[in-house]
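The next block holds one structure in the form of structure tokens; read it before the comments.
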Number of protein chains: 2
Amino acid sequence: MIDAVRLADASKRAWCLTQKVTRKRRATLRDVAQAAEVSVATVSRVLNAPATVSPITRERVEGAIDNLRFMRSPAARAINSGRTRAVAALVPTLDHAIFARFLGAMETRLGELGLSLLVATTGGDPDLEERKAWGLVEIGAEGLIVSGVSHSTGLDRLADRHDLPIVATSFFDPDATMPTIGYDNRAVARTALDHLTALGHRRIGVIHGPLEGNDRTQARLDALKASSDRAQLSFHAGDLGVGGGCRATAAALALPDRPTALLCLSDVIALGAMFELQRAGLGIPGDMSVIGIDDLSWSKHSAPGLTSVSLPVSEMGAEAAAALASWIETQERPDHRILSHLLVPRGSTGPPSGV
Amino acid sequence: MIDAVRLADASKRAWCLTQKVTRKRRATLRDVAQAAEVSVATVSRVLNAPATVSPITRERVEGAIDNLRFMRSPAARAINSGRTRAVAALVPTLDHAIFARFLGAMETRLGELGLSLLVATTGGDPDLEERKAWGLVEIGAEGLIVSGVSHSTGLDRLADRHDLPIVATSFFDPDATMPTIGYDNRAVARTALDHLTALGHRRIGVIHGPLEGNDRTQARLDALKASSDRAQLSFHAGDLGVGGGCRATAAALALPDRPTALLCLSDVIALGAMFELQRAGLGIPGDMSVIGIDDLSWSKHSAPGLTSVSLPVSEMGAEAAAALASWIETQERPDHRILSHLLVPRGSTGPPSGV
DNA sequence: AATCGCAATGTAACTAGTTACAAAGAGTCT
DNA sequence: AGACTCTTTGTAACTAGTTACATTGCGATT
């Protein structure tokens with residue numbers, strides 16, 4: 001009854017007479033104030049500083065809030081606070097365990113810091129990345145987290161235009177224009193190679209995925225090529241995913257001078273390699289050693305356990321979240337940060353059979 | 001020079017004299033209007049309907065926009081349009097390929113519809129889900145997508161309070177309070193069981209993950225238990241992930257009356273089972289058949305290829321995105337929608353050895 | 001020449017909150 | 001009793017855009 005009167009009262013507002021009223025109107029702070037017979041300031045206080053309002057008034061206001069099913073407009077709050085409390089992450093894909101783990105850790109840390117996470121996938125396309133980045137900023141992202149080194153220049157323009165905090169991850173490069181938080185991909189690849197050469201391998205097949213739009217793979221390959229004096233390396237490219245690993249491994253096995261070990265640039269590829277070796281009837285590590293990179297959650301459970309280089313992906317997600325949050329909060333650009341990787345030797349690597 | 005004058009002019013605004021000026025001020029639409037010597041309406045038109053502004057004026061305004069590095073405030077736009085153009089998805093974890101694939105498909109479709117995706121993880125905890133849901137709505141999510149059946153009642157309150165569109169996924173249930181878009185988990189489990197019994201298996205080990213907070217697993221187990229007349233079923237629970245699959249499989253193998261087939265409630269668990277069987281020196285499918293559920297991207301590449309029940313996860317993500325978008329747009333609640341699954345027979349299943 | 005129509009632009013009122021400041025009232029101290 | 005403080009509340013001006021409506025001025029009809 002009372003509500004009906006109030007709503008009728010409210011209809012003197014101009015817009016109520018326009019066609020704009022397609023959906024039934026949501027109660028505003030002014031409606032609540034009217035219903036509770038207090039001023040808007042009092043209602044605002046009930047919401048933001050209940051202690052400063054007398055219990056009797058507070059109760060009346062709370063009653064009105066419930067009656068009218070009032071909810072604050074996020075936009076109106078944001079316009080006053082200047083904060084949207086959301087940041088965005090741009091990743092090539094979610095279909096890779098490594099990015100999913102990264103985002104998961106990031107989201108958790110952001111949640112602790114009172115921020116929410118917008119996620120967009122780019123498919124590794126710098127143009128799409130730029131378009132989505134603009135879109136995310138236009139709906140209110142206060143900062144961005146991107147993956148990899150190579151980005152369109154539009155991203156720098158965006159950062160410049162907005163004074164927008166952007167943190168780059170998955171690699172470490174103190175010379176990059178934006179702060180980088182990640183690991184040294186070249187060192188990661190060398191760690192894997194060192195492990196194999198230390199075991200005595202001299203003919204090593206490097207199994208990797210696509211290069212386009214994937215600078216991590218490129219950096220790893222560069223490092224390996226620079227170390228090619230240490231062993232005879234053959235390179236085998238495959239598609240994304242386990243299937244690519246299978247096919248590239250098949251190519252390596254067909255080599256006249258077959259390698260004694262396979263250095264896979266990711267654990268997913270290594271899984272494909274292991275499947276392919278099993279199909280070929282070759283024992284691991286007896287006939288062929290296999291090493292991966294990533295140390296995914298299943299790697300320790302495979303038969304045999306997959307030797308891998310563990311990457312600090314979760315830590316990277318959490319650190320990137322913290323760095324971005326502090327940048328937004330303090331307006332102080334965070335430093336670059338390098339995270340260390342770790343060789344995890346397991347059953348899939350051993351000395352070459354001839355030794 | 002000119003800019004300096006304008007900024008000095010602007011300082012007559014009250015807040016410029018307060019301490020609030022910690023960060024250097026961003027140009028507003030009014031600053032641009034002043035710089036270009038036009039009205040705010042004209043600037044707004046240059047941004048929203050450039051064709052209605054004369055080229056000469058437009059150019060002057062665009063110049064001012066560039067000079068002042070002006071960017072529209074997302075909050076101010078949102079307050080007028082009533083739209084934030086963001087929706088949120090709540091998933092138990094990102095560490096499962098199945099959720100990552102789901103979210104990826106959803107994000108892609110949302111992008112096509114001009115919406116962005118907020119992602120939050122709940123760890124399967126209904127309380128955390130509720131807290132995060134409120135948080136997401138408070139920063140402006142226009143709709144929610146949740147996974148699974150069992151949610152805290154707070155979620156219904158939220159939906160009621162805001163008239164907030166919430167779509168539930170990963171299961172289909174026409175009786176649920178919110179629209180569901182998903183597959184019939186009971187039928188999925190029966191499809192897997194049917195395949196094994198049709199091959200002649202009568203002793204089947206069911207390998208599954210944790211039950212708490214996972215209604216999909218529960219529904220599948222219920223269906224299997226209801227069909228226990230068709231075969232002698234033993235149930236083996238393991239932790240999340242490949243490791244859990246390994247341990248549960250080890251338990252199944254230790255049974256005095258060992259099963260001839262393993263029905264794994266996910267492909268990840270099946271991978272653990274395959275590893276464990278390999279460790280035990282048992283051949284697939286010669287000594288033991290293995291079937292999974294999900295049909296992950298690697299399943300066709302394993303050795304042997306993993307028979308699995310393919311779930312329409314990508315389709316589900318895209319459909320959920322479309323349904324939520326249309327709900328927001330039209331204010332019309334979408335219908336429940338069931339998506340069909342499909343048995344994908346591959347090398348890992350065959351008749352039991354005794355037959 | 002007067003009127004019409006249209007394009008281009010400006011004024012001011014909206015969107016839904018927050019908050020500085022003012023004011024009123026009650027209780028306490030001198 | 002008067003001055004003081006403290007709590008509680010209200011008024012109105014902010015936040016940064018959008019937009020309905022009014023106005024101006026020009027060229028084309030009649």
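Convention: sequence-line order gives letters A, B, ...; per-chain numbering from 1.
In this structure, CD1 of B:Ile65 is placed 16 Å from P of D:dA16, rounded to the nearest angstrom. Between the C1' atom of D:dT9 and the CD atom of A:Gln34 lies a distance of 17 Å, rounded to the nearest Å. Counting to the nearest Å, the P atom of D:dT8 and the CD atom of A:Glu59 are 15 Å from each other. Between the CZ atom of B:Arg30 and the C1' atom of D:dT19 there is a distance of 12 Å, given to the nearest Å. Atom pair B:Ile79:CD1 and C:dT18:P shows a separation of 10 Å (rounding to whole Å applied). Taking atom CZ on A:Arg26 and atom P on C:dT15, their separation rounds to 15 Å, with Å as the unit. Going from atom CE of B:Met71 over to atom P of D:dG17 covers 10 Å, rounded to whole Å. Across the protein-nucleic acid pair, A:Asn48 atom CG and C:dT19 atom P stand 7 Å apart, rounded to whole Å.
Judged as a side chain to side chain donor-acceptor pair (under 3.5 Å), and not counting sequence neighbours, the contacts of A:Thr57 are A:Ser54. In this view, A:Ser39 and A:Ala41, A:Thr42 satisfy the side chain to side chain contact (heavy atoms under 4.5 Å, CB included) rule, not counting sequence neighbours. Applying the side chain to side chain donor-acceptor pair (under 3.5 Å) rule to B:Arg45 yields no partners; only residues at least two apart in sequence or on another chain are considered. B:Arg333 meets the side chain to side chain contact (heavy atoms under 4.5 Å, CB included) test with B:Pro179, B:Trp327; sequence neighbours excluded. The side chain to side chain contact (heavy atoms under 4.5 Å, CB included) search around A:Asp160 returns B:Arg69, not counting sequence neighbours. A:Glu112 meets the side chain to side chain contact (heavy atoms under 4.5 Å, CB included) test with A:Thr108, A:Arg109; sequence neighbours excluded.
Counting only residues at least two apart or on different chains, the salt bridge (Lys or Arg N to Asp or Glu O under 4.0 Å) pairs with a member in residues 54-68 of chain A are A:Asp66-B:Arg161.
Between A:Arg72 and the phosphate of C:dT18, there is a side-chain N or O to OP1/OP2 separation shorter than 4.0 Å. Residue A:Asn80 places no side-chain N or O under 4.0 Å from the OP1 or OP2 atom of C:dA16.
Residue B:Ser44 is classed as a base contact, given a heavy-atom separation below 4.0 Å to a base.
Taking all atoms of both residues into account, the shortest heavy-atom contact from A:Ser116 to B:Leu136 is OG-CD2, 3.7 Å.
Panel note: side chain A:Thr122, backbone A:Thr93; no donor-acceptor pair is recorded below 3.5 Å.
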Are any protein N/O atoms closer than 3.5 Å to N/O atoms in nucleotides 6-9 of chain C? If there are, list each pair with its distance.
from  : atom 1 : to      : atom 2 : distance (Å)
C:dT9 : OP1    : B:Ser54 : OG     : 3.1
C:dT9 : OP1    : B:Thr57 : OG1    : 2.2
C:dT9 : OP2    : B:Ser54 : N      : 3.0
C:dT9 : OP2    : B:Ser54 : OG     : 3.4
C:dT9 : OP2    : B:Thr57 : OG1    : 3.4

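Looking at which nucleotide of DNA chain C each of A:Ala27 and B:Val40 is closest to, the 5′-most match is held by B:Val40.
Recorded end-axis angle for the helix from C:dA1-D:dT30 to C:dT30-D:dA1 stands at 60°, based on five pairs per end and rounded to 10 degrees.
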